[in-house]
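The block underneath contains the structure these notes are about, expressed in structure tokens.
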Amino acid sequence: MRTTWVQLVLVLVLVLVLGGENFYVGVSGSAGSQDAAVLRSLKDQWQHTPPSWDTSDDPCDSKWEGIICNDSRVTELKLSSMGLSGQLSGDIGSLTELRILDLSYNRGLTGPVSPLIGNLQNLTTLILGGCHFTGNIPNEIGNLKKLSYLALNSNYFTGNMPPSLGLLSNVTWLDVADNQLSGPLPVSTSTTPGLDMLLNARHFHFNKNKLSGNIPAKLFSSEMKLIHLILDGNELTGSIPTTLGLVKTLLVLRLDRNHLSGEVPSNLNSLTDIFELNLANNQLTGPIPNLTSDMTSLNHVDLSNNSFDKSEAPIWFSTIKSLTILVMEFGTLHGQVPQELFRLPDLREVRLKNNSFDSAPNIVDSINEQLQLVDLENNNITKIEITVGSRDTSSTLKLSDNPVCNRNQLAIEYCQNQHHLSSPYSTSEADCGTTTCPSGQMHGPQSCDCTYPYKGTLNFNAPCFRDLSNSSAFQSLEHRIREVFGLTPGSVSLQVLGFTKDDYLQVQLELFPSTGKYFNRSEILKFGYHLSYQTYQAPLACGAYYFIADPEPYPFPDRGGSSISTVEIVGIAVGCALLVVVVVVVVGVVAYAVRQKKRAERAIKQNKPFASWGSSTKDSGGAPQLKGARCFSYDELKSSTNNFSESNEIGSGGYGKVYKGVLPGQQIVAIKRAQQGSMQGGLDAKVADFGLSKLVAESSKRYVSTQVKGTPGYIDPEYYLTQQLSEKSDVYSFGVVMLELVTAKPPLEKGKYIVREVKIAMNPNDEHYGLSELMDPIIRYENNIISFRRFVNLALQCVEEQAKDRPMMSDVVKEIETMLQTEEVKTDTNSASSSATDYGTNNYAPHHPCIDIVPKEEKISDSFDYSGGYTLPTKVEPK
């Protein structure tokens with residue numbers, strides 16, 4: 001028996017009569033009553049929760065933003081950067097199936113963290129960084145035995161670091177930096193646990209606190225897997241324990257800005273994989289540490305402001321080939337500055353001011369081209385060799401406050417304190433003239449549209465360069481961010497703020513929406529989680545980092561959360577329910593009428609089968625009138641191509657030449673004209689392609705030939721090697737066509753010539769010179785150089801040698817649509833891709849991409865990886 005519309009309306013009315021809110025229908029996706037009650041309680045306690053939390057009482061069934069459920073239980077609660085305010089009450093402890101809890105970058109979350117958080121026995125990831133929590137770190141966190149990632153950084157936690165953290169045997173990332181923690185580093189005893197038990201930990205980030213006492217020798221062992229030990233900016237005393245030399249996996253060691261004393265252990269040189277060693281601003285004594293050439297990865301050394309024994313420059317100054325930054329300011333060095341130091345191949349900065357050096361060799365001629373700073377200020381240098389006519393190094397070498405400045409006329413130019421560093425890097429922006437944006441909005445890097453960006457600060461604690469104008473390093477950083485977050489070109493902006501007093505490099509990050517003025521909440525949640533969980537990996541040159549989102553919450557257009565009163569909610573719910581009833585009744589009536597009409601039309605059609613054929617009138621018969629491709633006369637084609645002039649010729653092939661044509665409506669088309677005697681057209685081009693096709697079977701044949709037909713210059717280079725076509729083959733051919741369009745030049749064999757010429761012309765060091773020589777004259781004199789660069793860059797990505805490095809065709813379409821929107825051109829709303837508006841729908845696996853240390857010989861590719869072929873390991877750890 002079929003359900004009628006009347007019966008459906010009756011059911012809805014019964015629901016209203018029975019109380020609505022207390023009437024539940026069991027479905028597989030609904031949350032358990034306990035989890036649902038907990039989240040409703042949190043919603044009542046927090047302000048500015050996502051509006052989707054007000055749509056239903058069931059978090060799982062209604063897909064509340066930031067909530068992931070499995071088998072009716074809440075397993076993930078990720079609300080990064082939502083502008084939440086309130087407290088983390090004990091209710092959270094009832095979500096016993098929770099695996100991930102991320103509340104990062106919500107500055108309005110304050111007060112203590114409830115000890116009941118220790119009830120979350122299944123929790124693997126706990127991220128509370130960048131909030132405003134206070135009080136002690138709960139001892140009960142030690143109950144979370146499955147926890148692998150713990151980030152409590154950048155809050156206001158006080159008191160001691162709880163020894164119970166030592167029970168987190170699976171933790172790989174432990175970050176409590178930038179708080180107000182005090183007391184000693186806890187190690188285990190016969191009755192209490194300690195940090196020495198964390199043998200699987202890779203990261204100890206304890207910097208910027210008030211930790212005191214000695215660094216316990218028991219803290220380290222050869223079984224540990226630490227790669228980052230960051231303790232700078234505390235109040236630690238005593239000597240550096242010799243057991244530290246047992247942790248062979250260390251890459252970054254920062255003990256600077258403490259009160260450490262005594263000698264540096266001699267076995268520290270056994271840390272042969274170490275990348276950064278910073279012991280500056282302590283009270284260390286004894287001989288200068290004996291580093292060796294076996295430390296083949298050592299990049300950055302800072303031993304400044306200690307009380308080491310007076311000595312000449314140690315031998316390792318000139319033998320560690322990997323050094324890029326050497327700092328030993330306010331030290332006890334004397335004698336001659338070693339000339340060999342300045343011949344190290346990767347050296348970028350040497351800062352030795354405030355020592356007692358008395359002479360220097362011919363440094364000017366020894367300085368390699370990449371050296372950006374040699375600071376020997378305030379030494380006792382009385383003799384220095386300077387060759388007349390040497391290349392200009394006046395902005396590199398600093399000699400002020402040395403006796404030689406009063407004796408050697410040739411040295412005077414290096415004594416004037418005129419060291420001018422280049423302006424810090426900032427992403428180039430579109431020229432928007434005098435137009436300004438309303439408060440809170442900004443212009444994007446390649447657009448003058450005013451939008452609301454997602455902002456924050458990247459803090460790098462171990463960059464291997466200090467040149468703040470290093471465009472290659474920061475452009476690599478931009479590219480990596482855009483790639484990981486799935487953003488379009490022109491959506492990422494960086495502004496280098498400089499080094500802080502703590503020697504951290506700060507970079508302002510701004511992400512701009514590709515369409516519209518705002519990001520949606522799902523996109524903001526994704527950004528915050530990637531940055532707090534460190535799934536985004538900065539380029540190796542930038543080193544380790546942490547991110548702090550802008551303290552001002554993101555200005556969602558519907559911001560306000562659940563501030564509506566209960567009475568208002570009930571009133572709205574009742575009104576909406578009544579509206580639903582009315583709509584259902586109306587829809588039922590309309591559906592019945594439509595159904596009856598179709599029955600009548602079918603009856604008419606059976607009696608008059610050709611009624612829908614023929615002329616424009618409904619009732620006339622006759623042959624069918626088809627709507628399809630438009631036919632053009634030869635004269636029309638001749639006129640649109642200026643009599644098939646050579647200036648309109650854009651390519652050629654076995655069939656004939658291709659011309660650019662302009663139709664009367666100003667629509668630009670490509671017109672292919674068969675050459676005399678060509679037989680290819682009759683056999684094949686019934687297939688449209690970009691240089692590749694398969695023969696279409698003739699009607700009299702019963703098979704389809706698999707022979708590939710193509711034009712040299714357009715065919716995928718990998719096809720020549722493998723004889724295998726892929727989905728990236730047409731992408732290559734399309735890329736060559738794109739280059740051909742902007743250069744008005746046909747490609748030569750395999751497209752090599754045109755691709756190589758475009759790459760040379762796109763060299764950023766050549767400004768517009770190479771481009772103006774290369775581009776089509778029609779484009780050259782139009783003011784669209786930004787879009788032209790984006791278009792050519794996209795084309796170059798399409799013609800990468802290997803298919804895996806090319807984008808998908810859907811990504812190409814998406815980027816071209818974005819360019820058109822940037823140029824204020826409406827794209828076809830019926831486009832099959834519609835990709836420009838849904839780029840943020842990619843699913844990201846909640847796994848961390850780094851499981852082991854990257855081998856030294858491994859090369860990090862910056863090429864595109866849009867194919868989705870990259871799979872994450874099942875078990876992941878932060879690096």
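For this chain, numbers begin at 1 and follow the sequence in order. Just so it is clear, the values below take in all heavy atoms, side chains as well, and ignore hydrogens, waters and symmetry mates.
Among residue pairs with one or both ends in residues 226-242, those qualifying as salt bridge (charged side-chain N to carboxylate O under 4.0 Å, His left out) are Asp232-Arg254, Asp232-Arg257; sequence neighbours excluded. Residue pairs meeting the side-chain hydrogen bond (donor to acceptor under 3.5 Å, both in side chains) criterion with at least one member in residues 109-128, sequence neighbours excluded: Asn122-Lys146. The ring-ring contact (aromatic ring centres under 6.0 Å, His included) contacts involving residues 241-266 comprise nothing, where partners must be two or more places apart or lie in separate chains. Sorted by first then second residue, the ring-ring contact (aromatic ring centres under 6.0 Å, His included) pairs that include residues 150-169, not counting sequence neighbours, are His132-Tyr156.
Counting heavy atoms from C-beta on, the side chains of Glu523 and Phe485 never come closer than 4.5 Å. For the pair Val327 and Glu349, the minimum side-chain heavy-atom distance is 4.5 Å or more. The shortest distance between side-chain heavy atoms of Leu494 and Leu509 falls below 4.5 Å. For the pair Pro314/Asn290, no side-chain contact is recorded, criterion being any heavy-atom separation below 4.5 Å from C-beta on. Contact of the Leu250 side chain with the Leu244 side chain is registered, since non-hydrogen atoms from C-beta on lie closer than 4.5 Å. By the 4.5 Å heavy-atom criterion applied to side chains, Asn106 and Met82 are counted as neighbours. Contact of the Asn258 side chain with the Ile215 side chain is not registered, since no non-hydrogen atoms from C-beta on lie closer than 4.5 Å. Proximity of Lys208 to Tyr504: side-chain heavy atoms (C-beta onward) are separated by under 4.5 Å at one or more points.
Residues that satisfy the side-chain hydrogen bond (donor to acceptor under 3.5 Å, both in side chains) test with Asn299, not counting sequence neighbours, are Thr324. Take Asn153 and apply the side-chain hydrogen bond (donor to acceptor under 3.5 Å, both in side chains) test, not counting sequence neighbours, and it matches no residue. A search for ring pair (Phe, Tyr, Trp, His ring centres under 6.0 Å) contacts involving Tyr546 returns nothing, not counting sequence neighbours. Under the side-chain hydrogen bond (donor to acceptor under 3.5 Å, both in side chains) criterion, Lys455 pairs with no residue at all, not counting sequence neighbours. With sequence neighbours left out, Lys210 forms a side-chain hydrogen bond (donor to acceptor under 3.5 Å, both in side chains) with no residue at all. Annotation: ring pair (Phe, Tyr, Trp, His ring centres under 6.0 Å) contacts of Tyr454 (sequence neighbours excluded): Phe527. Judged as a ring pair (Phe, Tyr, Trp, His ring centres under 6.0 Å), and not counting sequence neighbours, the contacts of Phe204 are Phe206. Residues satisfying the ring pair (Phe, Tyr, Trp, His ring centres under 6.0 Å) test with Tyr425, not counting sequence neighbours, are Phe474.
Using modelled atom types, no side-chain atom of Asp273 and backbone atom of Ser297 make a donor-acceptor pair closer than 3.5 Å. Side-chain atoms of Ser164 come within 3.5 Å of backbone N or O of Asn139 as a donor-acceptor pair. Counting only distance, with no hydrogens or angles, the side chain of Asn143 and the backbone of Ile141 share no donor-acceptor pair below 3.5 Å. A donor-acceptor distance shorter than 3.5 angstrom exists from the side chain of Trp46 to the backbone of Gln87, with no hydrogens or angles considered. Checked by atom type and distance alone, the side chain of Asn306 never pairs as donor or acceptor with a backbone atom of Phe308 at under 3.5 Å. At least one donor-acceptor pair closer than 3.5 Å links the side chain of Asn179 to the backbone N or O of Asn155. Remark: side-chain polar atoms of Ser154 are not paired, donor with acceptor, to backbone N or O of Gly130 under 3.5 angstrom. With hydrogens and angles disregarded, a donor-acceptor distance shorter than 3.5 Å links the side chain of Asn278 to the backbone of Ala280. One N or O on the side chain of Thr172 and one on the backbone of Ser148 form a donor-acceptor pair closer than 3.5 Å. The backbone N or O of Asn209 sits less than 3.5 Å from a side-chain atom of Asn234, completing a donor-acceptor pair.
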Quiz item: When you look at Asn281 and Asn305, which way does the side chain to side chain donor-acceptor pair (under 3.5 Å) test go after all the steps?
Solution: CA-CA 5 Å; Asn281 299 294; Asn305 202 15; 3.0 Å; yes
Quiz item: Does the pair Met161 and Leu185 meet the rule for a side chain to side chain contact (heavy atoms under 4.5 Å, CB included), with working shown?
Solution: CA-CA 7 Å; Met161 193 181 302; Leu185 293 167; 4.2 Å; yes
Practice problem: Test side chain to side chain donor-acceptor pair (under 3.5 Å) on Ser188 and Asp196 and set out the steps. | Solution: CA-CA 7 Å; Ser188 63; Asp196 55 300; 2.7 Å; yes
Quiz item: Run the side chain to side chain contact (heavy atoms under 4.5 Å, CB included) check on Leu144 and Leu120 step by step: do they pass?
Solution: CA-CA 7 Å; Leu144 309 178; Leu120 305 179; 4.2 Å; yes
Self-check item: Stepwise side chain to side chain contact (heavy atoms under 4.5 Å, CB included) test for Leu226 and Leu198
Solution: CA-CA 9 Å; Leu226 280 179; Leu198 302 180; over 6 Å; no
Exercise. Would you check, one step at a time, whether the test side chain to side chain contact (heavy atoms under 4.5 Å, CB included) holds for Asn136 with Thr158?
Key: CA-CA 5 Å; Asn136 294 338; Thr158 56; 4.0 Å; yes
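Nearest heavy atom pair, residue Val187 against residue Lys218, reads CG1-C, 4.5 Å. Across all their heavy atoms, Phe460 and Leu458 have their closest contact at CE1-CB, 3.7 Å. The nearest pair of heavy atoms linking Val264 to Leu284 is CG2-CD1, 3.9 Å. In this structure, Leu77 and Leu98 approach most closely via the heavy-atom pair N-CD1, 3.8 Å. Nearest heavy-atom pair, Ser532 versus Tyr149, reported as atom, atom and distance to 0.1 Å: O-OH, 2.8 Å.
Checking Asn267 against Thr242 by side-chain atom types alone, no donor-acceptor pair falls below 3.5 Å. With 3.5 Å as the limit, one finds a donor-acceptor pair spanning the side chains of Ser104 and Ser80.
Lys321 NZ: 12 or fewer foreign heavy atoms inside a 6.0 Å radius.
To the nearest 0.5 Å, atoms CG (Leu253) and NE2 (His228) are separated by 11.0 Å. Summarising the geometry, atom CG belonging to Leu298 is positioned 7.5 Å from atom CH2 belonging to Trp316; distances are rounded to the nearest 0.5 Å. Taking CG from Leu152 and CG from Leu165, the interatomic distance works out to 8.0 Å, rounded to the nearest 0.5 Å. Taken to the nearest 0.5 Å, the CD atom of Gln45 stands 12.0 Å off from the CG atom of Leu84. Remark: Leu326 CG to Leu352 CG distance equals 5.5 Å, nearest 0.5 Å. Here the CG-CD1 distance, from Asp346 to Ile320, works out to 13.0 Å after rounding to the nearest 0.5 Å.
One finds a salt bridge joining Glu97 and Arg99 here, because a Lys/Arg side-chain nitrogen approaches an Asp/Glu carboxylate oxygen to under 4.0 Å.
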